[in-house]
Amino acid sequence: MVVKNGGQERRVRSRTSQDEDDGSESDEERMRDQREKEELERHIRERDAAGTRKMTDQKLTKKEEEEAIRRSNALENDGLDTLRKMSRQEYLKKREQKKLEELRDDIEDEQYLFEGVKLTEAEYRELRYKKEIYELVKKRTEEFDNANEYRMPDAYDDQEGGVNQEKRFAVAVQRYRDPAAEEKMNPFAEQEAWEEHQIGKATLKFGSKDKKQKHDNYEFVFEDQIEFIKAAVMDGVNVEQESSKQSPEASLAKTAFEKLQSDRKTLPIYSYREELLKAINEHQVLVIVGETGSGKTTQIPQYLHEAGYTERGKIGCTQPRRVAAMSVAARVSQEMGVKLGHEVGYSIRFEDCTSEKTILKYMTDGMLLREFLGEPDLASYSVVMVDEAHERTLSTDILFGLVKDIARFRPDLKLLISSATLDAEKFSDYFDSAPIFKIPGRRFPVEIHYTKAPEADYLDAAIVTALQIHVTQPPGDGDILVFLTGQEEIETAEETLKHRTRGLGTKIAELLICPIYANLPTELQAKIFEPTPEGARKVVLATNIAETSLTIDGIKYVIDPGFSKMKSYNPRTGMESLLVTPISKASANQRAGRSGRTGPGKCFRLYTAYNYYNDLDDNTVPEIQRTNLAHVVLALKSLGINDLLNFDFMDPPPSEALLKALELLYALSALNKHGELTKVGRRMAEFPLDPMLSKMIVASDKYQCSDEVISIAAMLSIGNSIFYRPKDKQVHADNARLNFHMGNVGDHIALLKVYSSWKETNFSTQWCYENYIQVRSMKRARDIRDQLEGLLERVEIELTSNANDLDVIKKAITSGFFPHSAKLQKNGSYRTVKHPQTVHIHPSSGLAQLLPRWVIYHELVLTTKEYMRQVTELKPEWLVEIAPHYYQLKDVEDLASKKMPRGEGRAVKD
DNA sequence: GAGCACTGC
């Protein structure tokens, strides 16, 4: 088992070691578990007793000591002592809650991941034990619910040492769960109670006698209506098979495993099995067009295994998303009757659930890309399947070039590219006219409606349309999904909808409004998966997240205004921006298809048929053409690909972007003047970060502050979702944020302070709530930091701390970010030193009022103005000291204070 | 004094 970092190790190992009864490792594991159990019991009995902390961790013990010292110091003052005692009790209470959440997650994980696998007696005992403890403690803690302070709701992902993915995933793939197991321990009990309540409300208000009344009041609902024209029908395919699959009597007598096997045979792909295997045998590269529901992702690797391909090497299957890789692997392991992590495994960042035995490996596309670094010919694979290739993520696009290349000198390697219909020809052309194999999916027909005339205000039009559907269509026949561009728009729409339905009271059926976007706390996201109460209707207001990332059952109507936010990158200025842009035809069809999953659907497009055919692009511009390529170029260089301008990209990125990336890497000394990778560059390539961040880490070795710098790098790389700023508590949130800026240390150091303070509280969730910080983001930062710490060793950098000397930390930052320097102008704006342009400090920065003369910034963003985000003050002489090849003295001489002699020319040299 | 689609390593 490959283990990525310490934090992950325990979790991963505990999952897979359970089936091996011999070996000291699992003995040790069991003993530790035993200790933890005892620990937990003690907590229940002696809630208020001190000193019951877990002693296995060195750091904790140290904290324990500090606490003792503080206590004895405080003895002089009785009042203080009492206070400390109280805070201690408070702490224990919180700790108990945390332990409880951990336990709950453990149980859910095990139930999900090892479902359908026969447990040993010991394992069964352990699971039962955990459940008992959980129920016991839960009952007890529920009595202590005090909530006077501000609190964000608890998330499913409150789990020590883990990212949220498993919990999100648990909700998203509920249909794979065993209903019997659900009964035993139901983590959704609260929601169900709430649903019952809603159902109660619904039946009270909306009996059948209301139906007529509703119709009578129809005209009260709308001031103006939108006219639609039904223009097309996306045909359903193989729909009748869906019903034949549903015959429960046939499978009644079978075991769960037999049922899985017979279910496999009802998939559309099953009848193509032999033909498919023959085609794969005859051709090295095959493009597979398999529509949603065809079963390609789960079945093809199994077919290949059954046909003996795994004797020559493992089968890898890439997915664009972590959740998909995990859930598909879990499903396939069930179908094959093996434990997840053995013959079938998955590999995603922070979590490698594979072993030597693994022959079917599901992974994220980025993960296969990293594997190329260690195994450039993919020698251990006999088949590579790039799934969901039509999504054209940055990683799949690079993978295309790489696998096409290695396929030439590895004729035994089979390549499968699976895509949606639209792009198949293009994929085939790219892979030297590889044959296309079509597998029908299962989809219900979808009626497409266009507006008669263009709508000026699409948000208002969307709301009106939603209400129109709600009132004219019988309740209970299906939910509505509206695609909007962002959080703010969703919030506005939610308010408007509430406002408009409130006045109508019981004249219309109840309308449940469910917002969903990636930054929404996880437990609020779960709301959209709850079944709609009878007599009511759900309207889901979603961003693009609902286009591919998650699937909501029961959607019958889709409202598509035709816009989404898209990131664009200007290689000339290095400026990023998010723009609301019209979607592509492919996107529009994907959206429409979301309504035909469980029955015939309808899609209302808030634009005309003319717009669709003439104004929308066929496909979304692939990510590789609108992003900063520095990281990509470094990765390719480290794979020995030197001629990037002639690299075989399916859609080449603008050469300007490639040149900009090369130029930057040269400035960072990652490439020499021949464009070859240097030793520094090789070390930088080990880090899964933007090269400027990697350089900053590599440089921290010299300044003896790698400990601080990796924290900063982790915090910077999670982006701007750290501080939580609810609309109604903006002042509090801002004050909390200002605390970290004490001493005007700059944004980088402030981020470091946030991380270290959180660490000092032992990664407390409560602390995050109190400081208006998003726990989810912090946990992510911790995972990334752990990973970076593990990688330090590989590039031979020692973990050294130098927290007191902020200047050396800033110098290390400058070593990576010196190309991003800017100088204050007279009018309070800034001017970037290289490639001069006018920019401003972002108002969220701690330095926004201070305006230091010289700054370095993390990134440029274009919103209402050109802003620098994450800014730190800088001594200009550092630039010359650290990057003499990039800056000369005259670049940094202060024109504001002294006049340049005539004839010296401009201070800025390019 | 602003405003952040979505992934992934």
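Each chain gets a letter, A, B and so on, in the order the sequences are listed, and its residues count up from 1. Excluded from the calculations below are hydrogen atoms, water molecules and symmetry mates; all remaining heavy atoms, backbone and side chain alike, are included.
- Between the P atom of B:dC4 and the CG atom of A:Leu484 lies a distance of 16 Å, rounded to the nearest Å.
- For A:Thr364 and B:dC9, the shortest distance from a side-chain N or O to OP1 or OP2 is below 4.0 Å.
- Checking A:His840, A:His748, A:His820 one by one against A:Tyr857, the ring-ring contact (aromatic ring centres under 6.0 Å, His included) holds for a single residue, A:His820.
- Regarding A:Glu388, its CD atom lies at a distance of 15 Å from the C1' atom of B:dG8, rounded to whole Å.
- At the heavy-atom level, A:Phe687 lies nowhere under 4.0 Å from the strands shown.
- One can place CD1 of A:Ile398 at 15 Å from P of B:dG8, the figure rounded to the nearest angstrom.
- Backbone-only engagement by A:Gln487 is indicated by non-hydrogen atom pairs under 4.0 Å involving sugar-phosphate atoms exclusively.
- Nearest nucleotide to the A:Arg869 side chain, out of B:dG1, B:dC4, B:dC9: B:dC4.
- One finds no side-chain N or O of A:Ser549 lying less than 4.0 angstrom from the OP1 or OP2 phosphate oxygen of B:dC6.
- For A:Ser419, there are no side chain to side chain donor-acceptor pair (under 3.5 Å) partners at least two apart in sequence or on another chain.
- A:Arg370 places its CZ atom 10 Å from the P atom of B:dC9, with the value rounded to the nearest Å.
- Remark: A:Asp560 pairs with A:Arg591 by the salt bridge (Lys or Arg N to Asp or Glu O under 4.0 Å) rule, at least two apart or across chains.
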Exercise for the section: Determine, step by step, whether A:Glu388 and A:His390 satisfy the side-chain contact (heavy atoms from CB on, under 4.5 Å) criterion, reporting the C-alpha distance in whole Å, the side-chain angles of both residues, the deciding distance to 0.1 Å, and the verdict. Expected result: CA-CA 5 Å; A:Glu388 314 287 349; A:His390 59 276; 3.2 Å; yes
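- Of all nucleotides listed (B:dC9, B:dC4, B:dT7), B:dC4 comes nearest to the side chain of A:Lys565.
- Looking at heavy-atom distances under 4.0 Å, A:Thr485 makes contact with sugar-phosphate atoms alone, never a base.
- The nearest whole Å value for the distance from the CG atom in A:Asp690 to the P atom in B:dG8 is 19 Å.
- Nearest to the side chain of A:Tyr867, among B:dT7, B:dC9, B:dA2, sits B:dA2.
- Rounded to whole Å, the distance from CD on A:Glu623 to P on B:dT7 is 12 Å.
- Taking every side-chain heavy atom of A:Ile545 into account, B:dT7 is the closest of B:dG1, B:dA5, B:dT7.
- Residue A:Thr543 is in sugar-phosphate contact alone, with no base atom involved, counting any heavy-atom pair closer than 4.0 Å across all strands shown.
- By the 6.0 Å contact criterion, CZ on A:Arg370 is enclosed, its count of non-hydrogen atoms from other residues, nucleotides or ligands being greater than 12.
- Put simply, A:Arg322 has a side-chain N or O that comes within less than 4.0 Å of OP1 or OP2 on B:dC9.
- At the heavy-atom level, A:Ser844 lies nowhere under 4.0 Å from the strands shown.
- Across all strands, A:Asp734 comes closer than 4.0 Å to base atoms (heavy-atom distances).
- Distance from the side chain of A:Lys567 is smallest to B:dA5 among B:dA5, B:dC9, B:dC4.
- Closest to the A:Asn720 side chain, of the nucleotides B:dA5, B:dA2, B:dC4, is B:dC4.
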